[in-house]
Engineer: 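Before anything else, here's the structure in question.
Since the structure is predicted, the reported quantities are computational estimates derived from the model, not experimental observations.
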Amino acid sequence: MPKAPVLPAAGEPGDLLTLAITAVEEGECLEGVDFVGQTVTGEDFAELELSGCRFVRCRLTGCFFAAATLRDVIFQDCDLSQCRFTKASLTRCALEDCKVLGADFSGAALRDVVFSRCRLDLANCNAAALRDVAFRDCSMEEAALSGCRVKGLTLERCVLTRVNFFQTPLAGVDLTSCTLTEPVFSASAGELKGAVVDLFQAAQLARRFGVIIKE
């Protein structure tokens with residue numbers, strides 16, 4: 001079970017662009033700041049370090065958070081579409097009611113992270129390390145989760161349409177509450193070994209891999 005972020009009761013309000021640029025230039029961590037209703041698009045926040053911050057109703061589309069470090073950070077009702085979190089580190093973070101369309105988490109390390117009611121269609125999580133990460137009530141159509149290192153992955157009530165799980169082990173992952181449509185696996189479907197599915201899902205998967213079910 002992912003651990004919840006640890007945040008101050010109320011952070012100081014601040015301007016993201018001004019504070020982030022200063023923090024990166026001076027090599028400092030941006031701590032305990034609340035960003036509310038801000039729009040910042042296409043900016044480069046590579047290697048930015050954030051701790052104990054809240055983002056509420058912010059539009060951060062197309063921003064670069066490559067190799068950034070986020071600890072105890074919450075995004076609520078934000079638009080993070082097309083953001084790049086490549087090789088970033090996210091620890092005890094929560095994303096709630098966010099648009100994360102086409103965002104890139106490839107090679108990132110996520111630990112104790114929860115995505116709730118988010119749109120993650122076309123998101124790229126290839127080669128990410130996912131430890132105690134939960135996706136709940138999310139749309140993940142055509143998302144890519146191939147080659148991931150997984151420990152403690154939770155998928156609950158998610159739309160998993162054409163999701164690419166190639167070479168990502170799903171042992172112990174309960175998929176029964178999810179809509180599982182045309183997932184991508186290797187030819188042997190070894191990724192499914194130990195995964196939990198219901199009878200309907202099992203029948204669909206069996207037919208997909210050429211198994212004939214006799215009634």
Engineer: Consider only side-chain heavy atoms of I, L, V, M, F, W and Y, link residues closer than 4.5 Å, and tell whether Val163 and Leu101 are in one cluster.
Structural biologist: no
Engineer: Any idea which heavy atoms bring Gly42 and Cys63 closest together, and the distance?
Structural biologist: N-SG, 3.7 Å
Engineer: Nearest 0.5 Å, what's the OG1-CZ distance between Thr181 and Arg162?
Structural biologist: 8.0 Å
Engineer: Assess whether side-chain contact (heavy atoms from CB on, under 4.5 Å) is satisfied between Phe185 and Leu170, documenting all intermediate values.
Structural biologist: CA-CA 11 Å; Phe185 300 110; Leu170 298 175; 3.9 Å; yes
Engineer: Any side-chain donor-acceptor pair under 3.5 Å between Glu182 and Thr161?
Structural biologist: no
Engineer: Any heavy-atom pair between the side chains of Thr22 and Leu19 that's under 4.5 Å?
Structural biologist: no
Engineer: I need the single residue from Arg119, Arg117, Arg136 that forms a salt bridge (charged side-chain N to carboxylate O under 4.0 Å, His left out) with Asp97. Which is it?
Structural biologist: Arg117
Engineer: Looking only at non-hydrogen atoms, find the nearest pair between Ser116 and Val114 and report the distance.
Structural biologist: OG-CG1, 3.4 Å
Engineer: Taking side chain as C-beta onward, heavy atoms only, is Leu17 less than 4.5 Å from Phe45?
Structural biologist: yes
Engineer: Looking only at the side chains, is there a donor atom on one of Ser139 and Asp121 sitting less than 3.5 Å from an acceptor on the other?
Structural biologist: yes
Engineer: Has Ser177 got a side-chain atom pairing as donor or acceptor with Arg157's backbone, closer than 3.5 angstrom?
Structural biologist: yes
Engineer: Side-chain heavy atoms under 4.5 angstrom apart, residues restricted to Ile, Leu, Val, Met, Phe, Trp, Tyr: same cluster for Leu122 and Leu160?
Structural biologist: no
Engineer: Nearest 0.5 Å, what's the OG1-CZ distance between Thr86 and Phe65?
Structural biologist: 11.5 Å
Engineer: Say you draw a straight line from CG of Asn164 to CG of Leu145; how long is it, rounded to the nearest 0.5 Å?
Structural biologist: 8.0 Å
Engineer: Quick one: does Thr168's side chain get under 4.5 Å of Val150's, heavy atoms only?
Structural biologist: yes
Engineer: Is the closest side-chain heavy-atom distance between Glu141 and Val159 below 4.5 Å?
Structural biologist: yes
Engineer: As an exercise, state the distance from CZ of Phe85 to CG of Leu80, rounded to the nearest 0.5 Å.
Structural biologist: 5.0 Å
Engineer: So Cys138 and Val100, do their side chains get closer than 4.5 Å, heavy atoms only?
Structural biologist: no
Engineer: So, for Cys53 and Gly32, which heavy atoms are closest and what is the spacing to 0.1 Å?
Structural biologist: SG-N, 3.9 Å
Engineer: Looking only at side chains, do Ser146 and Asn126 share a donor and an acceptor under 3.5 Å apart?
Structural biologist: yes
Engineer: Taking all heavy atoms of Ala127 and all of Cys148, pick out the closest pair and write down the distance.
Structural biologist: N-SG, 4.1 Å
Engineer: Can you list the steps and then say if Arg71 with Glu49 is a side-chain contact (heavy atoms from CB on, under 4.5 Å)?
Structural biologist: CA-CA 8 Å; Arg71 292 187 302 272; Glu49 187 174 355; 2.8 Å; yes
Engineer: Checking Glu191 side chain against Gln167 main chain: does a donor-acceptor pair fall under 3.5 Å?
Structural biologist: yes
Engineer: If you draw a 6.0 Å radius around CD in Glu156, do more than 12 non-hydrogen atoms from other residues or ligands fall strictly inside?
Structural biologist: yes
Engineer: Side chains of Phe105 and Asn124: does their closest heavy-atom pair fall under 4.5 Å?
Structural biologist: no
Engineer: Please determine whether residues Phe166 and Leu120 belong to a single hydrophobic cluster, defined as Ile, Leu, Val, Met, Phe, Trp and Tyr linked transitively by side-chain heavy-atom distances below 4.5 Å.
Structural biologist: no
Engineer: Can you find a heavy atom in the side chain of Lys193 that is under 4.5 Å from one in the side chain of Pro169?
Structural biologist: no
Engineer: Measuring from atom NZ of Lys151 to atom CG of Leu130, what distance do you get when rounded to the nearest 0.5 angstrom?
Structural biologist: 13.5 Å
Engineer: Assess whether a salt bridge exists between Arg92 and Asp112, defined as any Lys/Arg side-chain N lying under 4.0 Å from an Asp/Glu carboxylate O.
Structural biologist: no
Engineer: Applying salt bridge (Lys or Arg N to Asp or Glu O under 4.0 Å) to Arg57 and Asp77, what does each step give before you reach the verdict?
Structural biologist: CA-CA 5 Å; Arg57 298 185 303 279; Asp77 194 19; 5.4 Å; no
Engineer: I'd like to check Phe55 versus Leu60 (side-chain heavy atoms, cut-off strictly below 4.5 Å). Are they in contact?
Structural biologist: yes
Engineer: Run Arg111 and Leu90 through side-chain contact (heavy atoms from CB on, under 4.5 Å) and show every step you take.
Structural biologist: CA-CA 6 Å; Arg111 182 168 184 172; Leu90 285 75; over 6 Å; no
Engineer: As a quick check of understanding, evaluate side-chain contact (heavy atoms from CB on, under 4.5 Å) for Val184 and Phe165, giving each step before the final call.
Structural biologist: CA-CA 6 Å; Val184 177; Phe165 290 110; over 6 Å; no
Engineer: What closest approach, in Å, do Leu153 and Val173 show between heavy atoms, and which atom pair accounts for it?
Structural biologist: O-CG2, 3.8 Å
Engineer: State yes or no: do Phe35 and Ile21 share one hydrophobic cluster built from I, L, V, M, F, W and Y residues joined by side-chain heavy-atom distances below 4.5 Å, directly or via other members?
Structural biologist: yes
Engineer: So, for Ile74 and Pro5, which heavy atoms are closest and what is the spacing to 0.1 Å?
Structural biologist: CG1-CG, 3.9 Å
Engineer: If hydrophobic clusters are built by linking Ile, Leu, Val, Met, Phe, Trp and Tyr wherever their side-chain heavy atoms come under 4.5 Å apart, do Val24 and Leu50 end up in the same one?
Structural biologist: yes
Engineer: Taking atom CD of Gln82 and atom CZ of Phe64, what is their separation to the nearest 0.5 Å?
Structural biologist: 10.0 Å
